[in-house]
Amino acid sequence: MTTFLLEPLIFLQDFLSLLMHDDKFHGESYEDAAPDKLEASINHVRISIGTSWTRQLRSLLLVPIFKSLVALCLIISLLVFVEGVYMNLVVLYVKLFKRKPEKIYKWEPMPEDIELGHESYPMVLVQIPMYNEKEVLQLSISAACRLIWPMDRLIIQVLDDSTDQTIKELMNTECAKWESRGVNIKCERRDNRNGYKAGALKQGMKHNYVKLCNYVVIFDADFQPEPDYLQRSVPFLVHNPEVALVQARWRFMNANKCLMTRIQEMSLNYHFMAEQESGSTRHAFFSFNGTAGVWRMAAMEEAGGWHDRTTVEDMDLAVRAGLLGWKFVFLSDLTVKSELPSKFKAFRFQQHRWSCGPANLFRKMIMEIIRNKRVTIWKKLYMMYSFFFLRKIIVHCFTFFFYCVILPTSVFFPEVNIPAWSTFYIPSMITLCIVIATPRSFYLVIFWILFENVMSMHRTKGTFIGILERGRVNEWIVTEKLGDALKTKLLPRTGKPSNGFFERVNTKEIMVGTYILCCACYGLAFGNTFLYLYLFMQAVAFLVSGVGFVGT
């Protein structure tokens, strides 16, 4: 019975070894070490297979294919490195020569005119889109109503898509409270959620009182601006008619909640420091972050307003306005408090949207960018290659396939050389640049690398879904927010109760983690490098994420 069970397994093991192993088998050539035939007995039926063709299959097909994949990854690695160096050099130039927006664009405080009074101030509309935001509605509304701006020149518009009647009543109560204090606040509702956030913003722009406004500010439900936000941002638009957007930086009030939020803070700080600041300085173009930004109404109207064709309506609007020649300004010194997702599932949904949406938008707008005649060829190339192709598509796919597929699989192909500069030197330099944006988290760099590789799997999946426009391409799941629940354990639990361990299990992470673990064990047993050390750590990161022990 034992022989009956083991012999087919040994046969399969030997067959795979012949396919995957080096031309030298423990110092002996295949001709000496490998048998001419593999044989096994199943149900007393003898089967055999010749081994010469497997050696030919490996040398003529598998090894060349793997070498080609490695070469492609090396080329992409260089492209990503050059792009990172370019962005960081621009940031270094800004820091060394103090090229702040106040020096590039005209800026001065809003003038006080005794005769005109508040008429010298432009009308500003503040939009706050919400959907069942029980935990944060009071925080966000109160922060918007405390903005320092003449009351008769400011309109607060709460766009409530909530389906929970209790939350609707809380919203009405909060709006009524601030209205009684003299704030011009309006709560607008619609009878459907078509277009999600973009649909709500678009519907909000149709009200007659909006036509009185010169500028519109968008704050997501968890964003809490400082009182001087408008005083510091609006003057850029008032004094520079070519500027369409002023974007503030995000500051995270729950960054210390858990390891996952600390890692998110590192990634987003680098995004603002490198991508946004370099884009603003060098090209006067970057992606609107969807919140904490002030738009010129005329620019929005010329660009066609809000579109709901993708899940990144903010990027869609920014690209269309950029193609019309409008300029964007990023203010790194102006920060707005916000909340990071502290639950792994919520973070995964958010990353799916942030990777799927840009890829889908690239598919929809590539020809529009190519045909555009209102911007320079260099700006179009920047949009197509750097902004979209490299940062929004290639980086996600490269990170997953190289560090989580190619490197682990390389233990089976020792004859294929992967140079150290691609596996250690370049990644180390890129990581160092990223960590500089958040110096206090330098000691977490290993965790950041491993977790970013885990998340690259979901970003890659989202990217392919967006490019191919399949499956969950238009899926929009609102990121769960906890608000004040972050500060106390006395508040009741929010959301649906957990069903225990099996609800937290993520099969994709477990499958990839198991494969990398097998590669690590193989590398430890037969390899001649220390690659297995990295593979063991990466496997643990996938498996820990797979069983849900990430976040809060």
Side-chain angles (χ1 to χ4, degrees), residues 83 86-87 90 127 195-199 201-202 205 215-218 220 237 242-248 271-272 274-330 353-396 459 462-463 465-469 473-474 476:
E83 176 71 9
Y86 164 75
M87 290 191 296
V90 173
Q127 290 185 310
Y196 303 108
K197 178 183 173 181
L201 293 170
K202 186 175 182 178
M205 299 292 283
Y215 310 109
V216 56
V217 189
I218 296 97
D220 280 352
L237 295 163
E242 75 278 14
V243 173
L245 166 68
V246 176
Q247 173 72 59
H271 161 72
F272 284 110
E275 294 185 25
Q276 301 296 75
E277 191 154 9
S278 66
S280 176
T281 303
R282 182 67 183 87
H283 306 280
F285 170 80
F286 51 84
S287 176
F288 174 44
N289 292 116
T291 179
V294 189
W295 275 93
R296 187 186 298 274
M297 285 283 196
M300 291 185 66
E301 291 172 1
E302 185 183 0
W306 296 105
H307 289 180
D308 59 6
R309 55 183 174 175
T310 69
T311 56
V312 284
E313 73 294 325
D314 44 9
M315 186 181 294
D316 190 343
L317 177 61
V319 173
R320 284 183 279 115
L323 290 174
L324 293 173
W326 289 99
K327 294 182 178 180
F328 303 163
V329 177
F330 173 69
R353 189 171 75 247
W354 286 5
S355 56
C356 178
N360 190 232
L361 181 63
F362 180 64
R363 171 193 172 109
K364 286 178 164 62
M365 293 203 68
I366 179 62
M367 294 308 301
E368 185 176 342
I369 296 173
I370 293 174
R371 294 167 182 163
N372 182 274
K373 297 181 180 179
R374 297 188 61 170
V375 298
T376 64
I377 184 67
W378 297 112
K379 192 167 186 177
K380 290 198 292 185
L381 286 174
Y382 171 76
M383 282 187 177
M384 289 187 296
Y385 171 74
S386 181
F387 179 76
F388 269 118
F389 181 69
L390 201 60
R391 296 188 212 162
K392 309 301 180 186
I393 298 175
I394 292 299
V395 166
H396 301 324
R459 294 175 185 135
T463 299
I465 290 174
I467 285 289
L468 301 176
E469 208 164 29
V473 65
N474 290 316
W476 184 294

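Among all heavy-atom pairs drawn from Pro358 and Arg353, the shortest one is CD-O, 3.9 Å. The minimum heavy-atom distance linking Ala303 with Leu317 is given by the pair CB-CD1, 4.0 Å. Looking at every heavy atom in both residues, Met87 comes nearest to Ser278 through CG-OG, 3.7 Å. In this structure, Thr463 and Ala359 approach most closely via the heavy-atom pair O-CB, 3.5 Å. Closest heavy-atom contact between Ser355 and Gly462: OG-CA, 3.8 Å. Among all heavy-atom pairs drawn from Val246 and Leu237, the shortest one is CG2-CG, 3.9 Å.
Counting non-hydrogen atoms of neighbouring residues, nucleotides and ligands closer than 6.0 angstrom, the NZ atom of Lys379 exceeds 12 such neighbours.
For the atom pair CE (Met365) and CG (Asn360), the distance works out to 12.0 Å, reported to the nearest 0.5 Å. Rounding to the nearest 0.5 Å gives a distance of 9.5 Å between OG1 of Thr311 and CG of Leu361. Atom CE of Met300 and atom CG of Leu201 lie 7.5 Å apart (nearest 0.5 Å).
Every pair passing salt bridge (charged side-chain N to carboxylate O under 4.0 Å, His left out) that includes a residue from residues 357-374 is listed here, sequence neighbours excluded: Glu302-Arg374, Arg363-Glu469, Lys364-Glu469. Applying the salt bridge (charged side-chain N to carboxylate O under 4.0 Å, His left out) test to every pair with at least one member in residues 314-326, sequence neighbours left out, gives these pairs: Arg309-Asp316, Asp316-Arg320.
Every residue meeting the salt bridge (Lys or Arg N to Asp or Glu O under 4.0 Å) condition with Arg459, not counting sequence neighbours, appears here in chain and number order: Glu452. Partners of His283 according to the ring pair (Phe, Tyr, Trp, His ring centres under 6.0 Å) rule, which considers only residues two or more places apart in sequence or in another chain, are Tyr382. For the side chain to side chain donor-acceptor pair (under 3.5 Å) test, residues two or more places apart in sequence or in another chain that qualify with Ser386 are Glu83, Arg391. With sequence neighbours excluded, the residues forming a side-chain contact (heavy atoms from CB on, under 4.5 Å) with Phe272 are Arg249, Trp250, Gln276, Asn289, Phe330, listed by chain and number. By the ring pair (Phe, Tyr, Trp, His ring centres under 6.0 Å) test, Phe328 pairs with Phe285, Phe286, Trp295, sequence neighbours left out. Legend: residues meeting side chain to side chain donor-acceptor pair (under 3.5 Å) with Lys392, ordered by chain and number and at least two apart, are absent. Ala299 is linked by a side-chain contact (heavy atoms from CB on, under 4.5 Å) to Ala244, Arg296, Trp326, counting only residues two or more places apart in sequence or in another chain. Residues forming a side chain to side chain donor-acceptor pair (under 3.5 Å) with Glu275 (at least two apart in sequence, or on another chain): His271.
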- List the steps, then state whether side chain to side chain contact (heavy atoms under 4.5 Å, CB included) holds for Asp308 with Tyr196. CA-CA 8 Å; Asp308 59 6; Tyr196 303 108; over 6 Å; no
- Taking it one step at a time, do Val90 and Glu277 satisfy side chain to side chain contact (heavy atoms under 4.5 Å, CB included)? CA-CA 8 Å; Val90 173; Glu277 191 154 9; over 6 Å; no
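For the pair Ile393/Phe388, no side-chain contact is recorded, criterion being any heavy-atom separation below 4.5 Å from C-beta on. Using a 4.5 Å heavy-atom cutoff, the side chains of Met383 and Leu323 are in contact.
The backbone N or O of Asn372 sits less than 3.5 Å from a side-chain atom of Lys380, completing a donor-acceptor pair.
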